[in-house]
K.L.:
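Mind having a look at this structure? Questions to follow.
Heavy atoms only: backbone and side chains are in, while hydrogens, waters and symmetry mates are out.
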Amino acid sequence: MNISIKEKILSTLINAKGEPVSGQKLADELHISRTMIWKHLKSIEEDGYVIEAIKKKGYILQSIPDLVTPEQILPKLNTKQLGRNIDYYTSCTSTQIIAADKAR
């Protein structure tokens, strides 16, 4: 499973540990435009992350939502195949029902 651009941006912000990350640096590393970086950042914010933009310095991750998301888990996995496919639900009635459906 390939890591998405959104996941790479989020991982970079998390690993920066409160230091600004340049939008241009992100664009250069990911081979996309600054506009696409901005769009991905807006999508990350829609997921509940708080990102501060500091003019001429970059973006700082201020806070993360009180959730465990695939974007937080995937960069930390050392596996190549097993465990790379994460089924994520914001809520569900029963994880046992989901597991039984997946097993079938």
Side-chain angles (χ1 to χ4, degrees):
M1 178 180 203
N2 291 332
I3 297 175
S4 72
I5 290 175
K6 179 178 169 180
E7 292 166 342
K8 288 178 184 177
I9 293 171
L10 184 55
S11 178
T12 300
L13 291 172
I14 290 170
N15 290 332
K17 298 181 179 167
E19 293 297 316
V21 177
S22 161
Q24 188 61 54
K25 178 184 175 215
L26 287 169
D28 291 344
E29 287 177 1
L30 299 172
H31 307 289
I32 60 175
S33 69
R34 293 281 307 273
T35 301
M36 287 306 299
I37 294 294
W38 183 83
K39 287 181 180 181
H40 284 291
L41 287 169
K42 290 299 162 197
S43 175
I44 291 168
E45 288 179 324
E46 288 172 6
D47 292 340
Y49 294 85
V50 177
I51 299 169
E52 179 183 5
I54 300 175
K55 198 169 192 168
K56 298 194 183 216
K57 291 198 178 202
Y59 300 99
I60 297 176
L61 182 63
Q62 294 291 337
S63 68
I64 61 174
D66 190 21
L67 300 170
V68 178
T69 63
E71 290 84 9
Q72 293 171 300
I73 295 169
L74 284 171
K76 294 179 175 28
L77 294 178
N78 294 323
T79 63
K80 297 285 184 212
Q81 293 178 338
L82 296 176
R84 301 299 300 181
N85 185 20
I86 298 174
D87 292 322
Y88 178 78
Y89 302 89
T90 54
S91 67
C92 66
T93 55
S94 168
T95 56
Q96 291 298 320
I97 293 170
I98 293 170
D101 287 344
K102 298 282 182 189
R104 279 188 222 110

K.L.:
May I ask you to test the Y49-P65 pair for a side-chain heavy-atom distance under 4.5 Å?
P.N.:
yes
K.L.:
Assigning hydrophobic clusters by single linkage (Ile, Leu, Val, Met, Phe, Trp, Tyr; side-chain heavy-atom cutoff under 4.5 Å), is V21 placed with I60?
P.N.:
no
K.L.:
To the nearest 0.5 Å, tell me how far E45 CD sits from H40 NE2.
P.N.:
13.5 Å
K.L.:
Return the CD1 to CD1 distance between I14 and I64, rounded to the nearest 0.5 Å.
P.N.:
6.0 Å
K.L.:
Start with the C-alpha distance between K6 and I44, add both sets of side-chain angles, then the distance that settles side-chain contact (heavy atoms from CB on, under 4.5 Å), and finish with yes or no.
P.N.:
CA-CA 7 Å; K6 179 178 169 180; I44 291 168; 3.7 Å; yes
K.L.:
Under 4.5 Å between any side-chain heavy atoms of I37 and L30, yes or no?
P.N.:
yes
K.L.:
Rounded to the nearest 0.5 Å, what's the gap from CD on E29 to CD1 on I9? Could you check?
P.N.:
10.5 Å
K.L.:
Counting distance only, does the side-chain N/O of E19 pair as donor-acceptor with the main-chain N or O of A16 below 3.5 Å?
P.N.:
no
K.L.:
What is the distance from atom NZ of K39 to atom CD1 of I32, rounded to the nearest 0.5 Å?
P.N.:
10.5 Å
K.L.:
Quick check: do L13 and L41 have side-chain heavy atoms less than 4.5 Å from each other?
P.N.:
yes
K.L.:
Considering all heavy atoms of both residues, which atom of S33 and which atom of A27 are nearest to each other, and what is their separation?
P.N.:
C-CB, 4.1 Å
K.L.:
Walk me through whether D28 and K25 qualify under salt bridge (charged side-chain N to carboxylate O under 4.0 Å, His left out).
P.N.:
CA-CA 5 Å; D28 291 344; K25 178 184 175 215; over 6 Å; no
K.L.:
Quick one: does S11's side chain get under 4.5 Å of K8's, heavy atoms only?
P.N.:
no
K.L.:
Could you state the interatomic distance from NZ (K57) to CD (E52), rounded to the nearest 0.5 Å?
P.N.:
10.5 Å
K.L.:
Please tell me if the side chains of I98 and C92 come closer than 4.5 Å, counting only heavy atoms from C-beta onward.
P.N.:
yes
K.L.:
Search all heavy atoms of Y59 against all heavy atoms of G23 and return the closest pair with its distance.
P.N.:
CE1-CA, 3.8 Å
K.L.:
Looking at CD1 of I54 and OG of S22, how far apart are the two atoms once the value is rounded to the nearest 0.5 Å?
P.N.:
12.0 Å
K.L.:
Verify the cluster assignment for I5 and W38: are they in a single hydrophobic cluster under the rule of side-chain heavy atoms below 4.5 Å apart?
P.N.:
yes
